[in-house]
Amino acid sequence: MQITVLSGGVGGARFVRGLVHALSRDGVEGDHRVTVVGNTGDDITLFGLRVCPDLDSLLYTLGGAVDEGQGWGREEDSRRVMDELGALGVQPQWFGLGDKDLGTHVARSLWLSQGATLSEVTARLAARWGLPGQGVRLLPATDTPIETHVVVDDGDGGERAIHFQEWWVRHGAGLPARRFTVAGLHQATPAPGVLEAVREADVVLLPPSNPVVSIGIILGVPGVRDALRGTRAPVVGVSPIIGGRPVRGHADACLAPLGVEVSAAGVAGLYADLLDGWLVDDADAGSASPARVTVRHLDLLMRDTEGAARIAGAALDLARDLSADAR
Ligand code: GDP
Ligand code: CA
């Protein structure tokens, strides 16, 4: 069975870890391969280093090395390099990078400077973290550098665009966003294997990732959304919104400029053209859904790996039932 997942950082990574757990525990029939297509719109160059926060959250989480409390960065990391950069007056100081984490960014930047593509770099990092041994292939959505920017008021009646990370991390998404733009997106092409992974999948899963700045960016890479619309595989999503609120992060501030209601139904509407199945929390049982979408409800809180495995298993069950119905 080929399972393709479009993923952001923390929410997506926890879901994928649960999925891998469910597949190995339940011994789902046959060989299965999980292809994760990771968002690269959050990528940023800091201190001359290329940082890919969502890919790194996936790598560290699947590699058992993530800082569980934060959901990103390495466990038991230190900040000696950042402290020294601060003493040197090097900006920015609002984006924290741990010492072990910096090793990833140094290696990635080195390999990119030597001519490797982001896909190749990501494959090397995935090998370091044992993803192939778990049956997981991690692909960046695109090898073309793209960056999500947020257009905000400049305080002078006009507007200015800031990098997504500056908006999210420095300002805590507190500056009202007028809209999001993604530099480089129109020229971007899907990374090798991405379209095939969607077209040839038996199941496509949308984890409870941010629908605008994580999954929305991946769907914006030319060709990806059409591939999801056209795939014969059932597309099953998991709501990141429970009871009208994001579980963590600021998805509400991302939905606002789109005029989309902060609800499970609002998010489903963003996927209406490609979604077949939708999992919502028990709190949202009875929530409206786009036509032809099958909705089921369950506890959607990923308290731990077991909890995430339970949700991923429910998504696979729904996909299997939808496939059987289509036959
Ligand atoms: P990011 O790139 O690190 O922001 O991570 P993602 O985009 O992959 O996921 C962020 C989304 O995950 C947020 O909108 C959260 O509401 C959602 N999320 C986080 N934890 C949970 C959880 O336990 N259950 C559900 N349903 N959603 C969650
Ligand atoms: Ca992200």
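Both counts, for ligands and for their atoms, begin at 1 and track the order of listing. Just so we're clear, the structure is a prediction, and the values are computed from it rather than from any experiment. Computation of the quantities below employed the complete heavy-atom set of this structure, encompassing side-chain atoms and omitting hydrogens, waters and symmetry-equivalent molecules.
- Interface atoms of ligand 1 facing Ala251, defined by a heavy-atom separation under 4.0 Å, are 14 (O).
- Each of the following atoms of ligand 1 lies closer than 4.0 Å to a heavy atom of Gly11: 5 (O), 6 (P), 8 (O), 9 (O), 12 (O).
- For the pair Asp299 and Arg310, the salt-bridge criterion is met [side-chain N within less than 4.0 Å of a carboxylate O].
- Without hydrogens or angle criteria, Asn39 side chain to Ile218 main chain gives no donor-acceptor distance under 3.5 Å.
- For atom 23 (O) of ligand 1, the nearest non-hydrogen atom from the set Gln70, Met302, His250 belongs to Met302.
- Of the options Ser214, Gly8, Pro246, the smallest heavy-atom separation from atom 7 (O) of ligand 1 is shown by Ser214.
- Checked by atom type and distance alone, the side chain of Asp304 pairs as donor or acceptor with a backbone atom of Gly307 at under 3.5 Å.
- Taking 4.0 Å as the cut-off between side-chain N and carboxylate O, Arg74 and Asp67 do not count as a salt-bridged pair.
- By the 3.5 Å distance cut-off applied to N or O atoms, Val10 is counted among the residues near ligand 1.
- At least one N or O atom of Leu300 sits closer than 3.5 Å to an N or O atom of ligand 1.
- When non-hydrogen atoms are compared, ligand 1 lies under 4.0 Å from the side chain of Asp54 (C-beta onward) but not from its backbone.
- Partners of Val90 according to the side-chain contact (heavy atoms from CB on, under 4.5 Å) rule, which considers only residues two or more places apart in sequence or in another chain, are Phe47, Leu85, Leu88.
- The option with the heavy atom closest to atom 11 (C) of ligand 1, from among Gly71, Pro208, Gly249, Gly216, is Pro208.
- Taking every non-hydrogen atom of Leu301 and a distance limit under 4.0 Å, the qualifying atoms of ligand 1 come out as 23 (O).
- Residue, atom and distance of the protein heavy atom nearest to atom 10 (C) of ligand 1 are Asn210 N, 3.7 Å.
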Criterion side-chain hydrogen bond (donor to acceptor under 3.5 Å, both in side chains) on Tyr60 and Asp101, from CA distance to verdict
CA-CA 9 Å; Tyr60 297 157; Asp101 190 21; 2.6 Å; yes

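- Taking only nitrogen or oxygen atoms, main chain and side chain alike, Ile242 does not reach within less than 3.5 Å of ligand 1.
- For atom 15 (C) of ligand 1, the nearest protein heavy atom (residue, atom name, distance) is Arg248 O, 3.2 Å.
- By the 4.0 Å N-to-carboxylate-O rule, Arg108 lies close enough to Asp56 to be salt-bridged with it.
- Residues that satisfy the side-chain contact (heavy atoms from CB on, under 4.5 Å) test with Leu139, not counting sequence neighbours, are Thr35, Arg137, Val194.
- At a heavy-atom distance under 4.0 Å, atoms from both the backbone and the side chain of Pro240 approach ligand 1.
- The set of protein atoms (N, O or S) found at less than 3.0 Å from the Ca ion (ligand 2) reads Asp42 OD2, Asp54 OD1, Asp54 OD2, by chain and number.
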Going through the distances and angles, do Arg50 and Ser109 end up as a side-chain hydrogen bond (donor to acceptor under 3.5 Å, both in side chains)?
CA-CA 6 Å; Arg50 193 65 176 161; Ser109 305; over 6 Å; no

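- The shortest N or O to N or O distance between Ala13 and ligand 1 is not under 3.5 Å.
- A salt bridge links Arg179 to Glu159: one of the charged nitrogens lies within less than 4.0 Å of a carboxylate oxygen.
- Proximity of Ser239 to ligand 1, defined as any heavy-atom pair under 4.0 Å, is confined to the backbone N, CA, C and O atoms.
- Ligand 1 has no nitrogen or oxygen under 3.5 angstrom from a nitrogen or oxygen of Val238.
- Side-chain atoms of Lys100 come within 3.5 Å of backbone atoms of Glu75 as a donor-acceptor pair (strictly under, hydrogens ignored).
- Proximity of Ser209 to ligand 1, defined as any heavy-atom pair under 4.0 Å, is shared by backbone and side chain alike.
- Ion pair Glu306/Arg25 flagged as a salt bridge, since at least one NZ, NE, NH1 or NH2 atom sits closer than 4.0 Å to an Asp/Glu carboxylate oxygen.
- Under the side-chain contact (heavy atoms from CB on, under 4.5 Å) criterion, Arg320 pairs with Asp317, not counting sequence neighbours.
- Residue Val247 has at least one N or O atom closer than 3.5 Å to an N or O atom of ligand 1.
- Note on Asp99 versus Arg80: no salt bridge recorded, every NZ/NE/NH1/NH2 to OD/OE distance being 4.0 Å or above.
- Between the side chain of Ser57 and the main chain of Pro53, a donor-acceptor pair closer than 3.5 Å is present.
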